[in-house]
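Following: one structure in structure tokens, then a few remarks.
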Amino acid sequence: MGIHFGADYNPEQWPEEVWEADLRLMKQAHVTLVTAGIFSWARAEPRPGAYDFDWFDRVMDGLGGAGVRVCLATMTASPPPWLTRAHPEVLPQGPDGQRRWPGGRQHYCPSSPVYREHAVRLVKRLAARYAGHPALALWHVGNEYGCHTRQCYCDVSAADFRDWLRARYGSVERLNDAWSTAFWSQAYTDFEEVLPPRTAPTFPNPAQQLDYLRFSDDALRRCYLAERDVLARLSPSVPVTTNLMPFHKPVDAFAWSRDMDMMALDFYQDPFDPGTHLTAAYTFDLMRSARGGQPWLLLEQAPGAVNWRSRNGPKPPGAMRLWSWQAVAQGADAVLYFQWRQSRGGAEKFHSAVVPHAGTDTRIFREVSELGRELASVPEIAGTRVARPTAALVTDWDSWRALELDSHPSTALRLPELALGHYRPLFEAGVACDVVPPDRDLSGYRLVVVPNLYLLTERAAERLTAYVRGGGHLLVSFFSGVVDACDRVHPGGCPGPLRSLLGLRVEEFWPLDEGATVGVRGVAAVRRPGGPGRAEAAAGAWELPSGTADLWSEAILLEGAEPVARFADGELAGSPAVTRHGYGTGTVTYVGTRLEPALMRALMDGVRAAAGVRPVLAGLPEGVQATVREGDGGRFLFLLNHGARAADITLPCPMADALAGARGERSEHTYRIALPARGVAVLKDPRRAVSASG
Ligand code: GLA
């Protein structure tokens, strides 16, 4: 059925005459799927238990009649005023005890049984009414869980938290042990004494904070599951999803992925951020990897500017097309926008939409329609999968949450920035990459990159160790293996259970002051103990040039590893900054500081060449991204020029331009592609499936 194309559709904001025009324009824009009903609760249930779906029947029938399928939202994202008036206890509370009042959206406590009961009641009605509707394509539960209400600290949540702790620890003694409550006289004698980590005079207990983040994620997921279970029962043949957000600490995408039939993402590029496509690339890879390479859905993006940053840049001509194709190139089978028709009033009236205030004789409407035509011209791409990467980058929500707790050696360690610092050199080298949790079977990868895995469980350590022992190449960076799942420092200190794998220990952390840098000097040609392995021999022994680093340093004591680079100045001058250790039949590289980007690129290039990880396409000009999707529909090479200059690309064999038909041209085979800045090429690769980076 092709790549889905469409938008959030909020017809309740408009009189019915407008709906007719909408259907006509949707056809013009090649829309095939809309998400409807996200904020329709107040209209669908105007009074408690009194439902009005007649208007929504007309919406569904109209869309179905126009050939547009519906991603039907469960309408529970914004409770109506009558609910919070009758049950003010539904309203969430901040850590300071302040209520979050109605007037915006998502003003419900995730632990509230009253909210869940009312939500489930509505979903039962919806499912019963629309399960068999021919326009229904999939279910969309809630909306961006944890977007505004990440955690709630009210008394209802407190009681729910205590139940969660009872189930997790069984006894108050085990809780005391896990939370290190001997410190600061915090020992509990009864679960009833336990509270959420509300605003305290100073740092609240870190293990309590960490558990609260886990609990709050579970509470949100229980909201999702309560609705999902109704849908699974009443509408079993229709897939269920919810729209996740990028780099969203409250919601563990890997944990949620197990309960979602398809991964779905909202991604809002920032046109003012020159690295916005990099953040997108990382997030898209995560979406794809979370369910083993299954195609995922880009459920929201802006056709132009958003309204919620301090300065909201419009997407310049070609950018929206480029970034949309980027999602497809990285495995998306749907490209949708927020929203179809720009609101006249309300908080999002300056957020761009497919049909802007200025009407359809507009750049945005034209660009959207043209993209719709292009996507419709290559339906065979849908269902194909990104060729399996041989590199993976580890991301772990538990560790992320713990890493960013307060009272650490440096509060400047932020996982999104750190993870991107490791992802960037792979992306810039044109290497395809999965993003996976640390406890996954890693044996299929030639290179695994582990940025700053502060919290490390024994299980994850065993996985990483087994991976290297079996011949894997691992790159681990500083402040890894520091604490266990309870945020207790591993015996012997950093890197805890990775000590023998890394062949070193860290005696002292030495974070750098804001803006400070330290010199790093490469040590001549590093070889694996026992001589270079086959891959290294092929790639040549590599060495690291000299340069600078910032943010962090640490006193590393070698216990078998050899230095690749040393600190050139500062208090740790002469001591190892980067090391390498042969372990089993694999190798592990450790990075004890944040290398400047060029140095990190040089390091990553050396490590991945030694691991035998090659780019998707050799010799790609700077700024050009290449990906491959393959399957029953064929093999497609995507070329995306994120750079500011036109690029000339030589293909490994003649390929046909898959988008020529959309432009009304005949598709010729070509060896050379001239890709303008923000240009996109989709090529039919006649070769049979071969691993993209292998
Ligand atoms: C989120 C929400 C949408 C809308 C957009 C605006 O993605 O899901 O309802 O508010 O942001 O960018």
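Counting starts at 1 for both ligands and their atoms, following the listed order. Numbering starts at 1 and runs along the sequence shown.
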Derivation and outcome, ring pair (Phe, Tyr, Trp, His ring centres under 6.0 Å), residues Phe267 and Trp323: CA-CA 10 Å; Phe267 195 93; Trp323 294 333; 9.0 Å; no
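- Near ligand 1, Phe39, Arg105, Asn143, Glu144, Asp266, Tyr268, Glu300, Trp308, Phe338, Glu348, His351 each place a heavy atom less than 4.0 angstrom from the ligand.
- Side-chain polar atoms of Gln28 and Ser369 form no donor-acceptor pair below 3.5 angstrom.
- Salt bridge status for Asp54 with Arg129: present, with a side-chain N to carboxylate O gap under 4.0 Å.
- Inter-residue side-chain proximity for Cys109 and Thr149 is flagged as unmet; no heavy-atom pair is nearer than 4.5 Å.
- Here the two rings, on Phe427 and Tyr282, have centers that are 6.0 Å apart or farther.
- For Trp308 and Tyr268, the ring centers are positioned less than 6.0 Å apart.
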